[in-house]
There are 2 protein chains.
Amino acid sequence: MDSKIVSLRSKLEIYKSGSGGGNIADCPVRDVIQGISNKWSSLLMMALAEKPYRFGELRRLVPDISQRMLTQTLHDLQRDGYVHREVFPTKPPSVEYSLTDLGRSMFGPLQQLLQWAELNHGAVRAARATFDAV
Amino acid sequence: MDSKIVSLRSKLEIYKSGSGGGNIADCPVRDVIQGISNKWSSLLMMALAEKPYRFGELRRLVPDISQRMLTQTLHDLQRDGYVHREVFPTKPPSVEYSLTDLGRSMFGPLQQLLQWAELNHGAVRAARATFDAV
DNA sequence: TTATATTGGTCTCAAAAAGAGACCAGCACT
DNA sequence: AGTGCTGGTCTCTTTTTGAGACCAATATAA
């Protein structure tokens with residue numbers, strides 16, 4: 001696993017950067033990462049990266065999310081600037097969610113991680129099986 | 001398996017892949033991602049990517065993690081095969097945590113996301129400010 | 001000697017977050 | 001008049017997390 005210049009800086013510095021007092025607790029990178037490190041964010045980002053979806057469509061697409069958490073996660077993604085919410089004056093009104101430019105930008109690296117997961121889920125499951133067998 | 005250029009596939013397919021019944025709920029990629037999409041995993045991965053650390057060192061490095069969650073997150077990362085735990089027979093015994101090959105492999109794409117966060121946290125904070133101002 | 005600190009945890013209890021599901025208003029269709 | 005669809009919110013319960021006490025064995029300090 002030769003790191004081909006993954007980073008000239010100490011890796012921890014990425015997290016520490018910007019925190020003047022050297023306190024890793026209120027680090028802006030942590031702040032950003034924690035906004036997307038939750039159960040549903042990456043899944044919804046992935047759905048919306050494919051195409052815009054309406055609220056009910058997302059709910060059907062992800063059957064095991066509660067309506068409450070779908071509302072809340074979309075709200076948080078919108079607040080952080082990844083998702084655009086648009087209400088259409090149909091009857092009843094319909095709401096469409098889509099990625100913003102910032103959202104598409106963030107989805108690039110996120111997708112790399114998802115691809116890694118796709119390629120390596122066998123190894124992870126094997127590791128779990130080994131660990132649990134002991 | 002056959003396509004190198006994943007962007008040609010529907011992005012949702014990454015999540016759906018492997019789920020025979022087409023049910024996105026028990027998808028292996030979701031399974032893997034959710035193991036690292038929690039509050040402390042990426043932070044500890046980043047610390048251990050720099051160098052191995054002992055339990056107490058990690059606790060001091062991340063002052064706002066509770067001892068309970070540090071134990072649990074390290075345990076989960078070890079179970080998924082990202083982290084190696086080694087006990088040294090000092091007195092009192094010391095425990096060192098380090099990344100496995102799988103962990104280093106996963107940290108590659110994860111680091112891309114962290115770098116994105118470092119570069120774009122200004123935009124995210126601005127989006128939040130705009131959203132909250134309304 | 002006695003007191004205190006260190007190691008890496010676990011245990012309990014309180015607080016926060018998430019899940020389940022009822023409920024809502026407005027309108028269309030039957 | 002009843003039913004269904006829209007995108008939510010509200011309440012209640014369960015799960016997860018946080019705060020902090022406690023642990024045994026040893027080393028160091030007083």
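To find a chain, count down the sequence lines: A is the first, B the second, and so on, and within it residues start at 1. Values below: all heavy atoms of this structure, side chains included; hydrogens, waters and symmetry mates excluded.
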Check nucleotides 14-16 of chain C for protein N or O atoms closer than 3.5 Å to its own N or O atoms and list the pairs.
none

Restricting both atoms to N or O, compile the protein contacts to nucleotides 20-29 of chain D shorter than 3.5 Å, with distance only.
none

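Here the CG atom belonging to A:L48 is positioned 5.5 Å from the CG atom belonging to A:L58, to the nearest 0.5 angstrom. Interatomic distance, A:L44 CG to A:Y53 OH, rounded to the nearest 0.5 Å: 11.5 Å. Rounded to the nearest 0.5 Å, atoms CZ (B:F107) and CG (B:L114) are 6.0 Å apart. Once rounded to the nearest 0.5 Å, the distance linking CG of B:L77 with NE2 of B:H75 reads 10.5 Å.
A donor-acceptor contact shorter than 3.5 Å links the side chain of A:T130 to the backbone of A:A126. Of the possible polar contacts, one joining the A:N38 side chain to the A:S41 backbone as a donor-acceptor pair under 3.5 Å is found. A donor-acceptor contact shorter than 3.5 Å links the side chain of B:R104 to the backbone of B:L99. A:T71 places a side-chain N or O within donor-acceptor distance of the main-chain N or O of A:Q67, the cut-off being under 3.5 Å.
Following rounding to the nearest Å, B:F88 (CZ) and C:dT6 (P) show an atom-to-atom distance of 21 Å. Between the CD atom of B:Q72 and the C1' atom of C:dG8 there is a distance of 16 Å, rounded to whole Å. As a whole-Å value, the separation of B:F55 CZ from C:dT6 P is 15 Å. Per the geometry, CE belonging to A:M69 stands 19 Å off P belonging to D:dG7, to the nearest Å. A:L70 has its CG atom 16 Å from the C1' atom of C:dG21, to the nearest Å. Residue A:Q78 contributes atom CD, which lies 14 Å from atom C1' of D:dG8 at whole-angstrom precision. If you take CG of B:D64 and P of D:dT17, they are 15 Å apart, rounded to a whole angstrom. Separating the CZ atom of A:R54 from the C1' atom of D:dT6 is a distance of 7 Å, rounded to the nearest angstrom.
Residue A:K39 has a polar side-chain atom (N or O) positioned under 4.0 Å from OP1 or OP2 of C:dG19. Within the 4.0 Å cut-off from OP1 or OP2 of D:dG18, at least one side-chain nitrogen or oxygen of B:W40 is found. Distances shown here put every side-chain N or O of A:Y53 at or beyond 4.0 Å from the OP1 or OP2 atom of D:dG7.
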Validation: residues 80-88 of chain B side-chain donor-acceptor distances under 3.5 Å, sequence neighbours left out:
{"residue": "B:D80", "atom": "OD1", "partner": "A:R128", "partner atom": "NE", "Å": "2.6"}
{"residue": "B:D80", "atom": "OD2", "partner": "A:R128", "partner atom": "NH2", "Å": "3.2"}
{"residue": "B:R85", "atom": "NE", "partner": "B:Y97", "partner atom": "OH", "Å": "3.2"}

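Distances from the side chain of B:R60 to the nucleotides D:dG18, C:dT7, C:dG8 place C:dT7 closest. Side-chain atoms of A:R85 lie closest to D:dG7 of the nucleotides D:dT17, C:dG9, D:dG7.
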